[in-house]
Amino acid sequence: MKEPIELTINELLNGKDDAKYLIPLYQRNYAWEEKEIEQLLQDIIDKSSDIDSKYYLGTLIVDEKIRNNETIFEIIDGQQRHTTLTLINAYINFENTKKSNLFYEARPEVEKYLESIFKFDNSNYHVEIGNSINTIKQGFDIIKKFFKSKKDLKEQEINENEFRNYFENKTVIIRVNVPKDTDINHYFEVMNTRGIQLEKHQILKAAFIEKIKDNENISILFGRIWDACSNMENYIQYNFDSNLRKNIFGENLTNFPIMIEDMILGIRTNDTLLDSSLLAILSSDIKKENIDNEKNNSSESKYSSIIDFPNFLLQVLKLHDSNKKVSLDDKNLLNSFGYATENELPNSIEFINSLLKYRTLFDRYFIKRELNNSGENNWIIRKPANKDDDYLINTFEKEDNDKIKMIQSMFQVSYPTNSYKNWLLDALKFFKDDKIDINSNAFYDAIFRIATTNYSKNTDWEYNGVGISNFTFNYLDFILWLNQEKIVIKNEYKKLFDSFKFSQRTSVEHVFAQKNILLLNADSEYEREKTLNSFGNLCLINNGSNSKYSDYYFDAKKQQFEERKNVESLKQVLMFSYDTWNTEQIANHHREMLELLHTYSQ
């Protein structure tokens, strides 16, 4: 192992031994913002008041490689700092002939931009929104703004020439070579840097790419697909740039995605030859942040997924290899994939094909939250219907769409955490064949079977109502919604069914208040307790509503409910449709709800 070497910034950036530095494909894009950049500049200025002292920036961890008889230092840790130093160097040396010795694997447009800023001819340089050079350009603009607006240089009696001299010759960094044959993937997992930490799914991405690194085209495309799949807050088609999405999903974005091998060949399995080569398409990088549609880009996503990417990866892993023991908890993500264990990672090509397949199906057939400007959140199941715009239509006909949307949202509010979404895994098992179009009735029936099976595991409560699962309350509300035409109640309550949608509810409300238990018509304390806590007297609402209802009598709660007209529970609607509420009404409602549940559990 080579000893660590101290380098001045001049030696680092202007090529001691003509050194070249490479940021590999698996590294994240440049992410430093104004706070980090200005802090670095200010630290250098502050230290430069002692012109004889050195300012140590820390370490640069590299893996030294020989490529085409040329020494390349592949940056493992420190790329954010190295990139920022390169940008500073470009700004203060634009009159000289210096150039960047920083290169980006498979990202030529970044290198082209760096070349332009060293020549200072980038004023008209076009940067597409979402392109990987966007944050680098922002970083360079922050540096220009800093030097133009800050008065620190004059106040501290340092002119720009003196700053340049201290920056180049007194600011130093320690370059550390990792030992030969180091497991770089494992190194990522254990290293602790001051910069942005790699998440577990990024470590997995690096490990998968390492297995196929000898095929550059496959490696690049693997990274594109992984990054597109990793943002769950938009539809997968719009996570690719316009050219690539058309080649993967077809002209109107409605086809089942082609496999990665066919993308490389430039052939659609059921279509004609592509008009443009894949490598030309891939030459324009799409980074992870390019998630919004190119035409309708915004700082915040319009959609919210019911699961995050690490947990979705575990779902896909289980679907990819049904015999594999997989814990649906992202704390076990790396172990589940066999990373750094005696087990092997799945085949990179086969897994990325599965990931793209199930991500496409997930977006098309499962609910998302639509976040609109009014602050309302609506459940949607939609699919792309236009290649050039973020235009979506309902996946199914309205009646089927509403029914599938309702049963899925019932599951989601019952099991809101990202981990252990077994219902979603079971529903995804419906898609055994590589087909984009399915029978809506068959799909609904499959999900309904999951619901009835789940309910059958939670039927040992009867009169122990306070021990009933949230799922049972939500399942009953779904059954009531499904049977609303058969329910006989006053019209003013019946019409409330139309505005019902599932939302997060965790508080069990006693409609006949616990404080008033002595007013229940019963022969014994035991009977009163039994009636008070029975399913017939309970409904599931949110905590805020429960607090507002407090210990009011039934009439007061009913009046408050009618004034608010906020339908949190259809079971609650039925309960407040009664004129009075005591032992007899509670028992009747209890019996009717049990009969309805039993009808849909057989």
Side-chain angles (χ1 to χ4, degrees), residues 24-31 105-107 129-132 134-135 185 188-189 196-212 218-241 244-245 248-249 257 260 263 282 285-294 297 299-320 328-334 336-337 339 345-346 348-364 366 368-369 384 418-419 421 424 428:
L25 183 63
Y26 52 76
Q27 286 275 23
R28 292 187 63 166
N29 289 314
Y30 183 66
E105 186 174 27
R107 285 166 281 187
I129 297 297
N131 194 282
S132 59
N134 194 41
T135 51
N185 296 318
F188 269 129
E189 184 180 6
I196 296 176
Q197 298 295 300
L198 286 175
E199 298 180 34
K200 290 179 180 179
H201 68 83
Q202 293 168 321
I203 296 172
L204 272 182
K205 174 187 173 184
F208 274 120
I209 289 178
E210 178 68 18
K211 294 179 65 177
I212 52 176
I218 290 285
S219 298
I220 295 170
L221 189 52
F222 183 101
R224 297 291 190 276
I225 297 171
W226 186 281
D227 286 347
C229 290
S230 69
N231 187 339
M232 305 294 292
E233 307 305 312
N234 197 16
Y235 285 80
I236 182 67
Q237 289 85 351
Y238 301 115
N239 290 351
F240 294 98
D241 64 32
L244 190 51
R245 77 172 72 130
I248 294 175
F249 300 101
I260 191 171
M263 298 179 206
L282 291 176
D285 182 59
I286 89 163
K287 69 172 189 168
K288 180 176 180 288
E289 288 79 5
N290 183 23
I291 306 304
D292 287 337
N293 158 32
E294 295 165 341
N297 198 340
S299 59
E300 296 183 1
S301 175
K302 295 187 293 184
Y303 311 105
S304 176
S305 175
I306 62 173
I307 190 171
D308 62 12
F309 184 58
N311 283 284
F312 186 72
L313 281 172
L314 290 168
Q315 299 257 342
V316 175
L317 177 62
K318 184 62 178 176
L319 294 162
H320 179 76
L328 297 182
D329 184 349
D330 64 335
K331 292 194 296 291
N332 303 310
L333 182 66
L334 296 179
S336 292
F337 271 85
Y339 179 87
L345 281 170
S348 298
I349 304 303
E350 292 175 357
F351 184 77
I352 200 67
N353 284 335
S354 291
L355 179 60
L356 181 58
K357 165 189 172 178
Y358 284 108
R359 178 59 206 277
T360 303
L361 293 167
F362 172 77
D363 282 355
R364 189 180 182 98
F366 290 87
K368 293 184 188 295
R369 280 274 196 187
N418 285 304
S419 301
K421 270 190 164 48
L424 177 59
L428 283 167

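Only heavy atoms go into these numbers, but all of them, side chains included; no hydrogens, no water, no symmetry mates. Note that the coordinates shown come from a computational prediction; the quantities given were computed from them, not determined experimentally.
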Specify the closest pair of heavy atoms between Lys211 and Pro346, including all atoms of both residues, with the distance to one decimal.
NZ-O, 3.0 Å
How close do Leu424 and Gln315 get, heavy atom to heavy atom, and via which atoms?
C-OE1, 3.7 Å
Over 60° means perpendicular and under 30° means parallel, so classify the ring planes of Trp226 and Phe208, tilted if in between.
tilted
Is there a side-chain contact between Ile218 and Ile349 (heavy atoms, below 4.5 Å)?
yes
Using side-chain heavy atoms (C-beta onward) and a distance below 4.5 Å, is Ile307 in contact with Phe366?
no
Correct closest heavy-atom pair for Met232 and Phe312 would be CE-CG, 3.8 Å
Judged by atom type as modelled, is there a donor-acceptor pair below 3.5 Å linking the side chain of Thr135 to the main-chain atoms of Ala31?
no
Which distance, rounded to the nearest 0.5 Å, do you find between the CG of Leu221 and the CD1 of Ile248?
6.5 Å
From Leu361 CG over to Ile236 CD1, what is the distance, rounded to the nearest 0.5 angstrom?
11.5 Å
How long is the span from the NZ atom in Lys357 to the NE2 atom in His320, to the nearest 0.5 Å?
10.5 Å
Mark yes or no for whether Lys200, through its side chain, and Lys331, through its backbone, hold a donor-acceptor pair below 3.5 Å.
yes
Treating Lys421 as the side-chain partner and Ile306 as the backbone partner, does any N or O pair qualify as donor plus acceptor under 3.5 Å?
yes
Just do the side chain to side chain contact (heavy atoms under 4.5 Å, CB included) check on Phe309 and Leu355 with the steps written out, would you?
CA-CA 11 Å; Phe309 184 58; Leu355 179 60; 4.2 Å; yes
Are Phe362 and Ser305 packed together at the side-chain level, in the sense that at least one heavy-atom pair is separated by less than 4.5 angstrom?
yes
Within the structure provided, determine whether Asp363 and Tyr238 are in side-chain contact (heavy-atom separation under 4.5 Å).
no
Mind listing the closest non-hydrogen atom pair of Asp330 and Asn311 along with its distance?
N-OD1, 3.4 Å
Could you tell me if the side chain of Leu204 sits less than 4.5 Å from the side chain of Leu334, heavy atoms only?
yes
Which atom pair, heavy atoms only, marks the closest approach of Ser348 to Ile212?
CB-CG2, 3.7 Å
Give the intermediate values and the outcome of side chain to side chain contact (heavy atoms under 4.5 Å, CB included) for residues Phe351 and Leu345.
CA-CA 9 Å; Phe351 184 77; Leu345 281 170; over 6 Å; no
Within the structure provided, determine whether Asn234 and Tyr303 are in side-chain contact (heavy-atom separation under 4.5 Å).
yes
Residues Thr360 and Pro257: closest non-hydrogen pair is OG1-CG, 3.5 Å
Does the cation-pi check pass for Lys368 over Tyr235, that is, NZ or CZ under 6.0 Å from the six-membered ring centre and within 45° of its axis?
yes
Looking only at side-chain N and O atoms, does Asn332 offer a donor or acceptor that is under 3.5 Å from a partner on Asp329?
no
Apply side chain to side chain contact (heavy atoms under 4.5 Å, CB included) to the pair Ile260 and Leu356, showing each step before the final yes or no.
CA-CA 9 Å; Ile260 191 171; Leu356 181 58; over 6 Å; no
Asp308 side chain to Asn418 main-chain N or O, any donor-acceptor pair under 3.5 Å?
no
Report yes if some heavy atom in the side chain of Leu25 is under 4.5 Å from a heavy atom in the side chain of Lys205; otherwise report no.
no
Look up atom OG in Ser336 and atom NZ in Lys318, then write down how far apart they are to the nearest 0.5 Å.
10.0 Å
Which distance, rounded to the nearest 0.5 Å, do you find between the CG of Leu313 and the SG of Cys229?
8.5 Å
Separation of Asn353 CG from Ile225 CD1 (nearest 0.5 Å)
7.0 Å
